[in-house]
Each structure stands twice: as C-alpha cells, then as structure tokens.
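Okay, so here's the structure we're looking at.
All ligand and atom numbering here is 1-based and tracks the order in the structure.
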Amino acid sequence: MTIKIGSSVRIHRYAIGISIILFILFYIYAIREVSYLSSRFNNKQKFVSLRSLLKSSIKASKLGGIEIADVHNNYKNINIEIKGKTKEGIDDPVTIADYKSHCAMYNYLQTMFPTINIISEESKKNCDDVLSSSDAIIAEETIVFDDDVDGYYDTSIDPDDITVWIDPLDATKEFTENLLNYVTTMVCIAIKGVPIIGIIHKPFGTSDDTYWAWPEHGYSKNLAAIKNSIVNDDNDDDDGGVVKPILIVSRSHAGEINNISKNAIGDNVKIISAAGAGYKALEVISGNATAYVHNTLIKKWDICAGAAIITAMGGSVTSLTGQPLDNFGAKDNVSLDDGILATMKHHNWYLDKFVKKY
Ligand SMILES: *[C@@H]1O[C@H](CO)[C@@H](O)[C@H](O)[C@H]1NC(C)=O
Ligand SMILES: *[C@@H]1O[C@H](CO)[C@@H](O)[C@H](O)[C@H]1NC(C)=O
Ligand SMILES: *[C@@H]1O[C@H](CO)[C@@H](O)[C@H](O)[C@H]1NC(C)=O
C-alpha cells in the first residue's frame, strides 16, 4: 500500500515537473515566434526592397506590353475613345490596349507593394471591368528576365518616400496608326520626388527590348551594349560646344520646334521628329539624337522613366528653363509646364541657347 502511494505521488511529481518544463519551453518558443513574426510584419510595412520593386516593375512593364501586343493581334477594330484634345489640338485616343495595359501593370504592382504610391496615366478606370487576356495570364508565369536583377545588392527605402509612375501605353496615337516602333510601356520609381529608377519596354521590339537603369547598381545589358558602342565622340567643338546638334522632337509640333531651334542654335541643327517620350529618351541615350527637346506641357509619367535612365547613364534632364526634375512626389502636380531638355552631353550648352532664345 505505502509503496503504491509513494510511487503514485512520485509519478504525479514527474508529470507536474515535466508539464512545467514543457510549458516554459513552449512559452519561450511562443514569445520568440511572435516577436519574429511581428518584426517581419513591421519591416514589411516600414521598408521596401528597391531590388524587388525594380524586378516587379520590369515584370509590370512586360505584362503591359503583352496586353498591348495581344490587343494589336486580336482586335480588328481598335476601339478608340476620345479622351480630349492635347494642348496642340491633336486627338489623344484611349484604346482598349491602354486600359488593359494599365490594369495589368497597376494591379500587379499594387498587389505586390500595397504600401507605396502608384500613379498611372489611366487612374479612373475600374479594372474589375477589364478582363486580362488569357495570353497575359499564362505569360505572367513565364516572363523571362534578360538581366539578373537578383545579382545586385539591395537597398531598403521607406515606402512613404517612393512614388511609382506608370505609363501603360506611350504613343497611343501612333499605336492606332500602326507605327509600332514608337510604342513603349514605362515604369519609373521616384524617391523623395526625384526620378531614380526607370524602365522602358518596347512591346513590338525583339525579346530584349526592356531597358532599365538603377544608379550605382547597374543597368540592363542592352543599355550597357549601347554605352559600349559609343566609342568615337567627335561632336565637340573647340569651345565646348556641339558640332552637329541633332534634336529629337515630337511629331505633333515639329514645325514649331524647328523654328525655335533654328533661332536658338542656327541653321546647322538637324531635327528628327518622332513619337513617344520613352522612344525619344532611348534615341538620346543611343546617340541617334544629341538632345530631346520638348517645349510645351508634358505629363510626368511620360518623362519620369526616360529622365531616370538618362541621368543614371551620365546624362542630364531638366526643364527647358534649366529647372531640375525634383517634384515627382505623390502630392505634386502631374504636369510639367516648362518643357524638357534631355541630353547625354553638353547640357549647359543647349540650355544656354534655349534659355536665351526660347
Ligand atoms: C515657322 O517659321 C516660318 C517662317 O518664319 C513661319 O512661316 C511658320 O508659320 C512657322 N511655323 C510654326 C509651326 O511656327
Ligand atoms: C539608333 O539608330 C540605329 C541605326 O539607325 C537603329 O538601329 C537603332 O534602333 C536606333 N535606336 C537605338 C535606341 O539604338
Ligand atoms: C497642375 O498644373 C496644370 C498646368 O499648369 C494646371 O492647369 C492645374 O491647375 C494644376 N493642378 C493642380 C491640382 O494644381
């Protein structure tokens, strides 16, 4: 009897002891787990990885491009709505492609980064009404990255300091006219109001037609190839000026810029008229044009990505009156009033000409 009682008491003590130890272990584990999870949660709220934002932005630009190409291939009648007249009085058509590209790009980035400000040219459209093409949904899984973005070191940024500008379809008018080489999709990451990372994607180019730059980190291979291909630069005159200025300007007001430029620079200036701010920025980077000049109002989603890439590649972009582009924050006006000057070299030489004569 006594032995039995004694062993049962001993078993009880063991059970209580083990329970207490298990409870303490569980308690320690639970506290650590909760603090780990909450720190992860807070980190996610407080900081955004620029590397993953860049990667997602590249993907967004390609998703938009897939939608645009899909509309081009499948719709016989591109459904044109008239959004209003631009300042130059030319119809600015909104197409199905515009909406579908916007919804693909905007929804993707918004889902990936719910805490950052995203501004798109097409902000009012309810995307629930715009079905994404099945092609795009399949392709989303299989988008190929031509560059190894993961290979670059990362930087974390407070999402309150980030504004993402989306242009879901640049050169809409030319898209409807089947002038597809001008068409681009663009994403731009502005930090504290300054365009920093730019992505320009040409949906109707070859497979590596996505251009991006991230200053002090790297840029896409196609931009590196362009930079390396510009070996001879004999365009400097003895006074630090430009021997052969080649301006690229908007098709819609080439005549006017032609006059302004001849006044400002002289008769030896060559003018290329083209469409799409993204297209024109790339032509300046490649050296096909020595300056991109725009003398009327321009929207920030048109110029943000090009400005970021040109600046990252060592060029300069300002207003045509020489003001820096530092007001690309979420609360800033979406319009720039004083024109644009974008160059890879001789920025002050051009500014001097235009500020004096424009
Ligand atoms: C350009 O200048 C010429 C000659 O001065 C003038 O006739 C023409 O209307 C001007 N064109 C534009 C678009 O300003
Ligand atoms: C620049 O010009 C060349 C030759 O005309 C052309 O092949 C190229 O596509 C142009 N643009 C860029 C961005 O290289
Ligand atoms: C933004 O700028 C445009 C062009 O200067 C102007 O018409 C508009 O009123 C401004 N909008 C706001 C909200 O300030």
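Using a 3.5 Å distance cut-off with no hydrogens or angles, the side chains of Asn117 and Thr163 do not pair a donor with an acceptor. Residues Glu256 and Asn295 have side chains that bring a donor and an acceptor to within less than 3.5 angstrom of each other. Side-chain contact, Thr290 with Tyr350: a donor N or O sits under 3.5 Å from an acceptor N or O.
In summary, Lys55 and Asp150 engage in a salt bridge, as defined by a charged side-chain N under 4.0 Å from a carboxylate O.
For the pair Asn288 and ligand 2, the shortest N or O to N or O distance falls below 3.5 Å. Looking at ligand 2, you won't find any N or O of Tyr211 less than 3.5 Å from one of its N or O atoms.
If you number the atoms of ligand 2 from 1 as listed, the ones under 4.0 Å from a heavy atom of Glu283 come out as 1 (C), 10 (C), 11 (N), 12 (C), 13 (C). Heavy-atom proximity to Leu282, at under 4.0 Å, picks out these atoms of ligand 2: 13 (C).
Here the rule is side-chain contact (heavy atoms from CB on, under 4.5 Å) with Ile246, and of Ile272, Ile271, Val284, Val269 only Ile272 fits it.
The residues lining ligand 3, counting any heavy atom closer than 4.0 Å, are Leu297, Asn333, Asp337.
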### Task
Given ring pair (Phe, Tyr, Trp, His ring centres under 6.0 Å), test His201 with Tyr211 step by step and report yes or no.
CA-CA 6 Å; His201 174 65; Tyr211 303 80; 9.0 Å; no
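Ring geometry for Trp349 against His346 counts as perpendicular: the plane angle is over 60°, on a 0 to 90° scale with 30° as the lower cut.
Evaluation of the side-chain hydrogen bond (donor to acceptor under 3.5 Å, both in side chains) test over residues 177-193, restricted to residues two or more places apart or in two chains, returns Lys173-Glu177, Glu177-Arg251.
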